Amino acid sequence: MKEAEQRIQAIYEGVKARNPGEVEFHQAVWEVISTLAPVLQRHPEYTEHKIIERLCEPERQIIFRVPWQDDKGEVQINRGFRVGFNSALGPYKGGLRFHPSVLLGTIKFLAFEQTFKNALTGLPIGSGKGGADFDPKGKSDNEIMRFCQSFMTELYRHIGDMTDVPAGDIGVGGREIGYLFGQYKRIVNRYEAGVLTGKNPSWSGALVRKESTGYGAVYFAEEMLKVRGQELAGKRCVVSGSGNVAIYATQKLQQLGAIVVACSDSNGVIYDEQGICLDTVRQIKEVERGRLKEYTNHRPNAEYRHGGDIWDIACDLAFPCATQNELNESHAKKLIANGCFAVTEGANMPCTPEAVDLFHEHGIAYAPGKAANAGGVATSALEMQQNASRDTWSFEYTENRLREIMVNIHKNCHRTAEEFGMPGNYVAGANIVSFRQVADAVMAFGVI
Ligand code: GLU
């Protein structure tokens, strides 16, 4: 074991040296490879073929200029990215993130995570991620459209239903996917429905895709609770964020009888003792594209804490559904002290490594994003299936498929953690299952 651990440490040092300053990418890599020593021990062929080294190096990284004009006619310049991380299991697959904080390292961390997440779904999809340092906040609809059109004017040559299939992520939802698809279709002169997912169901999209990340996370939590002889009904939940993942996680939790008492945006926190009114949140975020502080205008008994910390609020179950590293060690301490016993990541890498260590030390059921939020990309793969067969499936059928996929992911992670002597450690379980799957495909293709 010692030898395998040293090898992994050396690989990690190499990753840091070759990717200076990309701390989130380093964090994501370490989180995966630090759990792989037992696998290297059982499978010396992975070392011989340098599989970990290969999985830590993206297959391709594209960076491009995105010029556009704002409503005043002023020229604006942003930077666009698309990283194809691994295509052993299928075409590159992963979302686009539009957020001012986006750097190459952000996209690489997300694309790396996507490799393992996508493998966990059991569906034939490789991994990728993209985006831009564009801030959609406060932009008019026309500005969003012009930005998306300019972004796609470069991106189109790199994507395709057999090559790379983008979708949404933070800052990219149904509206943006519409503008991106429209521009793609116009440039290539072909209606290639399978080139993007997250499309509106009224024109080639799949039912349930919008809901799937949030719903899937709740299904995963339900399975974790079952193992402990518990159920969701009656549990007090805190769901951070108020974007697509948070909204539909809340919806499914409410459908299953849980009480969601808080949500948040980057300005503050809403605490609604009676349970969050989702119609109000959806009206503010999806229709008016406003800020959560407006919630109390509709629900005067609720409390808005400007600059507040959502993890201060006592709960049984926490669902970090906002963004990376939003839940740190001190937040974890507070959650544990307040009686929280399960944490399910709807976002990508929302808990810091120190927080995760604390959860494990205290026997908290902790579901890493790559397992718990895989329902989104899994339903994207179902959208690709529908596009390839020019078919449309019902909501009920698609949701059943999603649920089945999440139950399987949970089962595989749980079983593998036990098999490797780490019962209840979903991080190790998820990493080992998915690593083995990608590794075997990479080996089968030879040195390419
Ligand atoms: N951005 C989502 C994720 O983090 C979905 C990606 C997709 O559907 O391709 O998994």
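Both counts, for ligands and for their atoms, begin at 1 and track the order of listing. Everything numeric in this text was worked out from a predicted model, so none of it was measured.
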Atom indices of ligand 1, in the order listed, that fall short of 4.0 Å to a heavy atom of S380: 7 (C), 8 (O), 9 (O)

Numbered atoms of ligand 1 (with element) below 4.0 Å of K117, judged on heavy atoms: 3 (C), 4 (O), 10 (O)

Over all atoms of both residues, closest heavy-atom pair of P67 and S150: O-OG, 2.6 Å

Under the side chain to side chain contact (heavy atoms under 4.5 Å, CB included) test, residues paired with D133 that sit two or more places apart: N78, R79

Within reach of ligand 1, part of R209 (heavy-atom separation under 4.0 Å): side chain

Under 3.5 Å: N/O of N373 near N/O of ligand 1: no

Subset of ligand 1 atoms that lie under 4.0 Å from at least one heavy atom of A167: 7 (C), 8 (O), 9 (O)

NZ or CZ of K139 within 45° of F134 ring axis and under 6.0 Å: yes

Close approach of R97 to ligand 1, heavy atoms, under 4.0 angstrom: no

Proximity flag A374 to ligand 1, non-hydrogen atoms under 4.0 Å: no

Contact check, E113 vs ligand 1, heavy-atom distance below 4.0 Å: no

Side chain, backbone, both or neither: the part of T213 lying under 4.0 Å from ligand 1 by heavy atom: neither

